[in-house]
Structure formats: structure tokens, C-alpha cells
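Here is how names work: the chains are called A, B, and so on, in the same order as the sequence lines, proteins then strands, and each is numbered from 1.
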Amino acid sequence: MNFLDFIMVPQGTKQRGTDQQRADAYKALLHWSAKIGGELFGPIPKGTRREFFCLDERTWVWHEEWTDNTGQRHIVTTRYDVRPNGVFKSQGSNSYQALSAEEARNLNNAIDLYYQRVMPELTRA
Amino acid sequence: MNTHNTQSHLPEARGRGREMELEQRQIFARVVAAAWANTKQAFSATPDLHYAEGTVGHQAAAHNILATQTRPEAAHTYEPVPVPAETTAPAPVARQEDAPVESANAAYINALLEQPEADALALQEQAKTEAVQRVIDAYRADAGLPMDIPMEGAAAPAPELTPMQRAEQEFPSNEMYLVGDNEVSMGDIRDAVSGAFDAAPQQEDELV
């Protein structure tokens, strides 16, 4: 082992590989749950990509891609930020907006469905 | 409950990966449970949002999230949702341009947004945006989708990293390593190596 190998190969290389495996496993779970979440809203039109998932303890994400009648591709990502005194949404780089009663109701039902579909698989032995 | 799914069951890893997969499942389950509970608590803290569970069929209600999003063609695909007569909330925002906060809770929401910790929240928001973008990029890469379609409203892509910047990412300067009996930081090692090259470039071959 030459000098550069000695200084550039840290003691924790094995740990780094394990951490990467953990990250990959977690990312796979996120992928899977996002697809399940997208299917909660009925049939997905052909050419459309739709995902809904829990990003962390205080964030839900709705992601949709579709092509309009003119052939232009659209991508919209909506982030629902859960704060102690309410849920706010943001799209792209836009500022946060409060939810209307209707959207809050729909989001509430959506997270219930997501929870019912995802949790049994996650807690399965 | 919607059953037209193709991947309702998690694929299972085998061997040594199985243990790690179970561990990550537990972690993710805790995250989902916490997010669900936090969201319920947040909704309960805003009594003006008179959402009523069970008043609309679950699938149809979830369906209608799309009706409140920014797609004009959504009206052709899904049933439009009438605005409840008992609420004074305005119609959903048509597009994602900046819209003033006009809900019944505008007063306290605006006060919240004007609080001094708004800057800290903005930083959190940026971090979350970047995290979401990484997740989205991973999805697109996995699905073989082109990566160059710009996201509406997204910030400009990050500049390409120089070799030194990539090296800093891979081996952060503050990461500690054992060299002999001493613990040194990667930053110290880099300084020592670059100093050795600067001082005696003709000795480069000896370091290989």
C-alpha cells in the first residue's frame, strides 16, 4: 500500500460501505412508498408520473409529471410542510401558502390512505 | 381502499441485506407514523379548517387533491369539487405563481411568516427543496427519464464541481483519520501533501 493509499483510505471504509447500503435500502423504501402513494388517487393516465410520499416527520410530497395537449412536459412538485399550528404548501421555489379547507380535507384523507397502505408492509416481519 | 396496485408488497432482500432492510423498514415506519401524527395535530390546531373525515369517500376525496392543484386539465379528468357553502375560503389557487394568503387564517399565518425565525425557516426550506430534488433526480434516473427537463419554478442547477470540490465532498476536511498513532484531519493531510508538492515538485515520483 503506497503513501497516498494510506492517507486516502480511511479507517472507516467498511463503515462507509455499510452506510451506503443503509442509504440505498432507505431510498428503495421511499421509492416504493411514493409509487403506492401515487396510486391512491385513482388510475394514473398514460404518460403521467404521479407520486405521493412522506419525506420526513414534517413533510409530505406530491410529485407529478405529465405532457399537455401541445406536447410540452410539465413537472410540479408540491411540498406540504407540517408545522405545529398548521399545514402549508409550497411549489417549486414559491413561498408557502395556507391550505384551503377543501385541500386540507383531501390531504388529511390522503395521508390516512397512505398510512393504511404503507404501514402494514413496513411492520411486516 | 384502492387495490389497483402492482407493487403493494415490498420486495424482500435476502441474506445479509435482509437484516439491514428490516432495520430501515423500522426507521421508515417510525418516520411515517410521526408524520401522520404531526399532520393530524397540525390540522387539529387550525379549527377553521373544517375538514370532516368520512364525509367524502376516501378514494374520491384523495382524488380531489389533484383538483386543487395547478393543472387546468384536471377539471376534465376528475370530478370538480364544489366549495362547501359553510366556508368562506376562496377558490383554490389556479397556478403556482405567488398568491397572497387569503384563507380565513390569513392574520395569524401572515404573523407567523413575518416572525424573525422566518430566515431559519427559509434555510430549512432550501435544505428540504434540495433533498426533494435529490429524491426526484434519483427517481428520474431509475426510471430512465431525461434529466434535463426543467422543473417548473425550480432554481438553476448547481454548477459542476471542480475535482477539488468533489474531493472535499468525498473526503471532508474535518473528517479525522489515524496516521500511525496520531489522529489527523483530512484538511491537515491535504495541506501537508500540497505543501510537499509545492516545496519539492521534482520529488513527485517518490510519493507514488
Side-chain angles (χ1 to χ4, degrees), chain A residues 2-3 7 10-11 21-22 25-27 29-32 35-36 39-43 54-61 63 73-79 82-87 91-95 97-98 100-111 113 115-116 118-119 121-123, chain B residues 1-2 4-5 7 9-10 20-21 24-25 28-29 31-32 34-36 38-39 42-43 45-46 49-51 58-59 61-66 68-70 81 83-84 87 89 92-93 96 98-99 101 103 105 109 128 132 135-136 138-139 149 151-155 177-179 189 207-208:
Chain A
N2 59 38
F3 173 66
I7 64 171
Q11 298 285 318
Q21 286 179 353
R22 284 203 179 96
Y26 193 87
K27 189 175 79 170
L29 287 171
L30 215 55
H31 270 272
W32 166 80
K35 289 184 179 176
I36 295 292
E39 293 169 355
L40 298 176
F41 303 91
C54 164
L55 179 64
D56 58 38
E57 290 90 343
R58 293 203 168 269
T59 310
W60 299 89
V61 175
H63 176 79
R73 191 77 176 161
H74 295 268
I75 303 172
V76 175
T77 300
T78 305
R79 191 171 71 239
V82 178
R83 300 179 188 175
N85 53 354
V87 179
Q91 291 179 319
S93 60
N94 294 314
S95 59
Q97 307 168 15
S100 66
E102 169 193 329
E103 191 170 3
R105 185 187 309 119
N106 294 335
L107 178 62
N108 177 69
N109 289 336
I111 68 169
L113 284 174
Y115 188 93
Q116 290 167 19
V118 165
M119 286 302 279
E121 280 298 306
L122 294 178
T123 53
Chain B
M1 184 180 294
N2 185 1
H4 71 92
N5 57 78
Q7 297 180 327
H9 295 292
L10 269 171
M20 186 172 295
E21 177 198 327
Q24 293 305 306
R25 277 197 202 182
F28 188 52
V31 170
V32 172
W36 182 87
N38 288 337
T39 309
F43 280 141
T46 51
L49 295 177
H50 293 296
Y51 65 95
H58 271 187
Q59 183 168 344
H63 223 206
N64 289 324
I65 278 189
L66 192 62
T68 68
Q69 295 303 312
T70 63
V81 177
V83 177
T87 180
V93 177
Q96 65 266 35
D98 266 341
V101 177
S103 75
N105 303 311
I109 291 171
K128 283 185 179 177
V132 168
V135 170
I136 292 168
Y139 292 158
I149 296 176
M151 198 171 96
E152 290 180 351
Y177 297 94
L178 270 179
V179 178
I189 295 171
L207 293 173
V208 174

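- Looking at every heavy atom in both residues, A/P84 comes nearest to B/A45 through O-CB, 3.4 Å.
- Under the 3.5 Å distance criterion, the side-chain polar atoms of B/R25 are matched with a main-chain donor or acceptor of A/E121.
- Counting heavy atoms from C-beta on, the side chains of A/V118 and B/W36 never come closer than 4.5 Å.
- For the pair B/N38 (side chain) and A/E57 (backbone), a donor-acceptor distance under 3.5 Å is present.
- Among residues two or more places apart in sequence or in another chain, the side chain to side chain contact (heavy atoms under 4.5 Å, CB included) test is passed with B/A42 by A/V82, A/V87.
- Interatomic distance, A/R22 CZ to B/Q24 CD, rounded to the nearest 0.5 Å: 6.5 Å.
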(message) Quick one, B/V31 with A/Y26, criterion side chain to side chain contact (heavy atoms under 4.5 Å, CB included). Give me CA distance, side-chain angles, the key distance, then yes/no.
(response) CA-CA 11 Å; B/V31 170; A/Y26 193 87; 3.7 Å; yes
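- Taking CZ from B/F28 and OG1 from A/T123, the interatomic distance works out to 12.5 Å, rounded to the nearest 0.5 Å.
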